[in-house]
Protein chains: 2
Amino acid sequence: MSKTTPTFQLPLGVRLDIPQITYLKDPESSDLGRRIVTGSIELMDEIGFDDFTFKRLSNSIDTTEASLYRYFENKHKLLLYLTTWYWYWLEYRLVFGLANLTDPKEKLVKAIQMLTEEVQQDSYFAHIDETKLHRIVINESSKTYLTRMVDEENKMGAFRGFKRVVALVSSIVMELNKNFKYPHMLISTVIEGAHHQRFFAEHLPSLTDKVRGEDPISSFYTMMVLQSIGYKK
Amino acid sequence: MSKTTPTFQLPLGVRLDIPQITYLKDPESSDLGRRIVTGSIELMDEIGFDDFTFKRLSNSIDTTEASLYRYFENKHKLLLYLTTWYWYWLEYRLVFGLANLTDPKEKLVKAIQMLTEEVQQDSYFAHIDETKLHRIVINESSKTYLTRMVDEENKMGAFRGFKRVVALVSSIVMELNKNFKYPHMLISTVIEGAHHQRFFAEHLPSLTDKVRGEDPISSFYTMMVLQSIGYKK
DNA sequence: TAAGTTTCAATAGTGTTACTATCATTATCG
DNA sequence: CGATAATGATAGTAACACTATTGAAACTTA
């Protein structure tokens, strides 16, 4: 037992098994590691990925640059770790949230909801602020793959988290319409689209639409999916 | 008359009026300026925005770093210039391509086509390779707004080009269904979505779908738009 | 043709970032 | 208690993103 942060037992003994390409040393394995994760979410949410540096992070969590490099090769890999964590967490919540449902339409609607809505919950996992992490995913996650290293990193499984979520929800689409030709395109469009729309709503509102009394982003994508797969009431 | 590059008269005397926030000195106003634009498209397409530096550009077009800084404040602004150019060019083509059509459905289908298909044409404008520029837009355009400076740059009109394209096509959507609640969301989803899907098709294929004998990206988004606005044959 | 003005090249220099390396110190664990 | 792993402290390097200054062409206008 560590004497500093309490070793919080994850719900149901779950442990998110993040691919190793993202880190050099598992940040879950030490107190410093967890502080790096906590602190980087805090700082990146505050100043954004571009201004985020290992120097600033080391100051804010009171350690040294050199120590950070023992856990993560560079800040890009750290972002990859954080976003991957988010996808695995989302997958976990999806599987859990859909477990008891039998009606495929209901399953799909709930899944789309979970993919597109804002994250309110907090403290599922001790040292991670999911709300802040979600904002980071909205603002920065495209930057994980829009790089020269995509192909190489992809080979090593860096994007497995995102792919699994897409595959999971696509399979529900196929339950509802087995002749649908574009399930993956549809779902990856929804996920990335919802992120961009949240960004637009905050910064470039003329690229979105506001509707009183509802979350237009969730509503729009739910409607869009059902219409696209030709769902009849 | 300049003695170096021939002063190519733009089709119909059109001149794309790119907002000034993107540049310090109009690159259309000199030979060096045009070489910067040509060379940056070439180089950025080749090595990507992240590895692209003013030093490398100055070497490749045989000028100095300092000279580049006279035209563009930094490489971010240069990317902004290039993508804005692309949006204005697209808007121009859209207006032109839809001019003779009266049936709103036909107009919408053609517009979606133009928004989502690959750019084959070339040499509309003398010193710009539109095919390479389109690849840059696909790979890098999200980076123009996913920054800390969005709000500030937006105030100064930096994203007018994108907004105008979205507004233009949204208005066609509204012609077809005046009660539709999410025209801007729909169209900005299509544009950004199509870019991402092209990227996925090349690098992360399990996030897309392939269909023999058609361009699945154009087909998917055309279908998606028509279904979403509830178009009945 | 001379003078002014714009344009660009050349060079140098600064602060910051993204690392890498080394060695001392402190926990942890068998 | 001794070994080993984890961290801290410090230093240093190469590249990058600029800024500043000066001087030479070239082009413009009187």
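Reminder, nothing fancy here: chain letters follow the sequence lines and each chain counts from 1. What you are looking at is a predicted structure, and each value in this text was computed from that prediction instead of being measured.
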Check whether any side-chain nitrogen or oxygen of [X] sits under 4.0 Å from OP1 or OP2 of [N], and answer yes or no.
X: A/Thr63; N: D/dT7; value: no
X: A/Ser67; N: D/dA6; value: no
X: B/Lys25; N: C/dT6; value: no
X: B/Ser30; N: C/dC8; value: yes

Distance in angstrom units between [X] [atom1] and [N] [atom2], rounded:
X: B/Ile36; N: C/dA9; atom1: CD1; atom2: C1'; answer: 13 Å
X: A/Lys77; N: C/dA18; atom1: NZ; atom2: P; answer: 15 Å
X: A/Asp31; N: D/dG8; atom1: CG; atom2: C1'; answer: 15 Å
X: A/Leu79; N: C/dA18; atom1: CG; atom2: P; answer: 13 Å
X: A/Asp62; N: D/dT7; atom1: CG; atom2: C1'; answer: 12 Å
X: A/Asn59; N: C/dA18; atom1: CG; atom2: P; answer: 14 Å

Please classify the nucleic acid contact of A/Tyr71 as base, sugar-phosphate, or nothing, using heavy-atom distances under 4.0 Å.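 Since only primed, P, OP1 and OP2 atoms lie under 4.0 Å of A/Tyr71, the category is sugar-phosphate.
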Partners passing side-chain hydrogen bond (donor to acceptor under 3.5 Å, both in side chains) against A/Ser218 (at least two apart in sequence or in another chain):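 Here the qualifying residues are A/Thr116.
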Verify side chain to side chain donor-acceptor pair (under 3.5 Å) between B/Thr189 and A/Tyr221, making sure each step is shown before the conclusion. CA-CA 10 Å; B/Thr189 296; A/Tyr221 284 107; 2.7 Å; yes
Parallel, tilted or perpendicular: ring planes of [X] versus [Y], cut at 30 and 60 degrees:
X: A/Phe162; Y: A/Tyr145; answer: parallel
X: A/Trp89; Y: A/Trp85; answer: parallel
X: A/His195; Y: A/Trp87; answer: tilted

Which atom names give the shortest non-hydrogen contact between A/Ile21 and A/Met156, and what distance separates them?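 So the minimum-distance heavy-atom pair works out to CG1-O, 2.9 Å.
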Reading nucleotides 14-21 of chain D from 5' to 3' and marking B where a protein heavy atom lies under 4.0 Å of the base, S where only the sugar-phosphate is that close, and - otherwise, the string is --SBBBB-
